[in-house]
Amino acid sequence: MSEDLTMQITLDGVAMSVPAMATGFEVFTDRAIVAQRVNGELRDLAHRLASGDEVEGVLISSPDGLNILRHSTAHVLAQAVQSINPEAKLGIGPPITDGFYYDFDVAEAFTPEDLKAISKAMDRIIRSGQRFVRRVTTEADASVELSNEPYKLELIGLKGSDLGEGSVEVGAGELSIYDNVDPQDSSTVWRDLCRGPHLPNTRMIGNGFALTRVAAAYWRGSEKNKQLQRIYGTAWPSKDELRAYQTRIEEAAKRDHRRLGAELDLFSFPEEIGSGLAVFHPKGGAIRKVMEDYSRAEHERAGYEFVYSPHITKSSLFETSGHLAWYAEGMFPPLQLDEERDESGVVRKQGQDYYLKPMNCPFHNLIFKSQARSYRDLPLRLFEFGTVYRYEKSGVLHGLTRARGFTQDDAHLYVTPENMESELTDVLDFVLGLLRDYGLTDFYLELSTRDASNAKFVGDDEIWQTATETLERVAVASGLQLVPDPGGAAFYGPKISVQARDAIGRTWQMSTIQLDFNLPIRFDLEYTAADGTKQRPVMIHRALFGSIERFFGVLTEHYAGHFPPWLAPVQVVGIPVSDEFSPYLHDLAKQLRAKGVRIQVDDSDDRMQKKIRNHTLQKVPFQLIAGGEDRDASAVSFRYRDGTQDNGVPLNEAIERILTAIETKVQV
RNA sequence: GCCGACCUGGCGCAAUUGGCAGCGCACCGCACUUGUAAUGCGGGGGUUAGGGGUUCAAGUCCCCUGGUCGGCUCCA
């Protein structure tokens, strides 16, 4: 065996000898391997290996493999679009979670019919088995070749600048173009500026893809740029996996709080009131009341004092706080009171602007300032369910999770620098404990810090550093995963936010704990220290739910409407086998109601089966069925939401079981 | 805010090329009195989101406003 004909590589950690000049095609026999990782870099299978390379196969089902599949599918989409409309100009087309998109500059927006035609054209391209062939080019050559693609030219011009690591078109290294080569006559039928890698062949995309929707998106993500038409798609290694994904999406849609809100009669957004403004119906109100009552009780135990403040205020308050200077466009326009003059033109009453409050903190600051404060008063913890109004752009509204009017479970803690750390520790502990009580148990923390090079942040370096270090210590001490968010701090101070994962793994930003060095200055807050000097308190803003509405929406989706008994609007429903047994259940209901249980007896004309169906659909935790057998035994039969039953449970035991479930906040 | 799609009894949907607004559930009434996911019969309910226009004729075509949905941008 000649030295020239073989070379040594390391394949999946094992040294081996392969033919000199071998590519991934020779090294990997498994057809599920669609690319290779060579010395840490993702490469096409066609990439020629060199002696000493460390090589790993990339399975199509691996995260990298799925990205490659999706990115290749995006190329096929773009080719299909241009085959139908040669005038379409290409934007970018990266893989994203579960799929891909491609942006196009076209004269007319795509219609659902277009999507069908494009999808068919993609099928043809996929079946024709085009090869993806990488070709290295230069900026000059690429500029000529892509002279018809203005957006690609712009990307070439930006190469190496601010595109960042995420770009799939151009990277820091060499510039490359991928040709789609027809296997019949080896002609290049399409090309795209791209870093790659790609599947060897379009055929590998198979039938596990689908185009999902069309939307507009600003070129390079800036509102100032032109809007392009974006086509979204999803792609999977097989049709079965595609179907599984589609089923997952449907299941997620079923727990959409907007849908459940209507189905379970929890809340609505009447058009007559206005966009983003909800009303809670009795059942939604019952849940919300429990949430609020429990929250109040816990805050009371934790040493918070309850305050109330009005919904509107004169503009001067928000001038002091700075909101009008910075966030006026996020606020509803003012109620303008005209000035009044008497006959001689003398101002009798000055004109005045009143604003709906977008935040509660300025009001709480005024409460702090209402008297001279001593260090002995601190920490002062002011809590309010404060309803605020923010003029969210119409396009961002989303049910209860993004509304224009909502109620924050807001508190402001005024602390001395000395007790900042212990107070933060207590707050984080309190927040996490309360979230757990509501059934969210899987958290991580995000620490948002200052970008020192950005001048927007107020306060001196020393206090920022102390505060950031304190927050970090507190976060680390919690034992939770801590994700840094550099530059994500508010201009007035760093913050910790609690991210919670719900039942289907989505993460929601829940509570935030923010330090504020700015408002105490703007409001000239001070307290008298032990040595008699005036000192500036540190202010901590914190909300657990963020907003009650939003938390309500998150919980609805987390539980998919199957609220645990303590939160369920109707906790128990009594279903008599026939009318004869209604009084028996009403008697039981009376006892439970006396214990504060939300129970109804369904003595409607419907037959039992129908009632069971109705209350199951309404997701009532406990259905108590009673007929002759139960009454004779002084018992009742349980039916749970999942259809399981427990018949002949003695009455006192039944009562105990229900009360315990409510008391312990368990799910059933 | 931008782009696109959409808005028909409380809810989910139907209505040919512009040609009598309909169905299911829910609701009301009557009968039935039933053991674990829809009993039967009968009845009421819509100015087709609101306004304007084209037309002999508009749910359907055009314009404006409001609202919803999907994205983009934004989210103190």
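In what follows, every chain begins at residue 1, and chains take the letters A, B, ... in the order their sequences are listed.
In summary, A/Arg639 and A/Asp646 do not engage in a salt bridge, as defined by a charged side-chain N under 4.0 Å from a carboxylate O.
Nucleic acid contact for A/Ser275: sugar-phosphate only, since backbone atoms but no base atoms lie under 4.0 Å from a heavy atom of the residue. Note on A/Glu629: a base of the nucleic acid sits closer than 4.0 angstrom, heavy atoms only. Among the protein residues, A/Gly221 comes within range of the sugar-phosphate backbone only, with heavy atoms under 4.0 Å from sugar or phosphate atoms but none that close to a base. Nucleic acid contact for A/Ala216: base, since at least one base atom lies under 4.0 Å from a heavy atom of the residue. The residue A/Arg390 sits close to a base: some heavy atom pair falls under 4.0 Å. No contact: A/Tyr101 has no heavy atom under 4.0 Å from any strand. As judged by a 4.0 angstrom heavy-atom cut-off over every strand, A/Arg230 is placed among residues touching the sugar-phosphate backbone only. Looking at heavy-atom distances under 4.0 Å, A/Arg639 makes contact with a base. Across all strands shown, A/Ile575 has no heavy atoms under 4.0 Å from either base or sugar-phosphate atoms. Looking at heavy-atom distances under 4.0 Å, A/Asn614 makes no contact with the nucleic acid at all. A/Ser637 comes within 4.0 angstrom of a nucleotide base, judged by non-hydrogen atoms across all strands. At a threshold of 4.0 angstrom between heavy atoms, the contacts of A/Asp605 include nucleobase atoms, whether or not backbone atoms are also involved. Counting non-hydrogen atoms under 4.0 angstrom, A/Gln609 reaches the backbone sugars and phosphates but no base.
In this structure, the side chain of A/Ser119 does not engage the main chain of A/Lys116 through any donor-acceptor pair within 3.5 Å. Judged by distance alone, with hydrogens and angles left aside, the side-chain atoms of A/Thr234 form a donor-acceptor pair with the main-chain N or O of A/Asp98 at under 3.5 Å.
Evaluation of atom-type donor-acceptor distances gives a pair under 3.5 Å for the side chain of A/Asp630 against the base of B/G35. No hydrogens or angles were tested; on distance alone, a donor-acceptor pair under 3.5 Å links the side chain of A/Gln227 to the base of B/C2. With hydrogens and angles ignored, no donor-acceptor pair under 3.5 angstrom links the side chain of A/Arg259 to the base of B/C69. Judged by distance alone, with hydrogens and angles left aside, A/Tyr391 brings no side-chain donor or acceptor close enough to the base of B/G1 to form a pair under 3.5 Å. Side-chain N/O atoms of A/Ser578 and base N/O atoms of B/G35 include no donor-acceptor pair closer than 3.5 Å.
Both distances falling under 3.5 Å, in either a Watson-Crick or a G-U wobble arrangement, occur for no nucleotide opposite B/G45. Pair assignment for B/G9 gives none, since no Watson-Crick or G-U wobble pairing has each distance under 3.5 Å. Across every strand in view, B/U36 sits unpaired, with no contact that passes the Watson-Crick or G-U test at under 3.5 angstrom.
Under the 6.0 Å distance and 45° angle rule, A/Arg550 does not count as a cation-pi partner of A/Trp508.
Checking the phosphate oxygens (OP1, OP2) of B/A37, no side-chain nitrogen or oxygen of A/Tyr640 falls inside 4.0 Å. Close to B/C69, at under 4.0 Å from its OP1 or OP2, lies a side-chain N or O of A/Arg258. At the phosphate of B/G35, neither OP1 nor OP2 sits under 4.0 Å from any side-chain N or O atom of A/Lys610. Remark: A/Ser394 is in phosphate contact with B/G1, judged by side-chain N or O atoms under 4.0 Å from OP1 or OP2.
One side chain, A/Thr111 or A/Asp114, offers a donor N or O that lies under 3.5 Å from an acceptor on the other. Side-chain contact of A/Gln618 with A/Lys283: a donor-acceptor pair under 3.5 Å is present, judged by distance alone.
The separation between A/Tyr389 atom OH and B/A76 atom C1' is 18 Å, rounded to whole Å.
Going from the C1' atom of B/C25 to that of B/C20 covers 26 Å, rounded to whole Å.
For A/Tyr151 and A/Trp219, the ring centers sit closer than 6.0 Å to each other.
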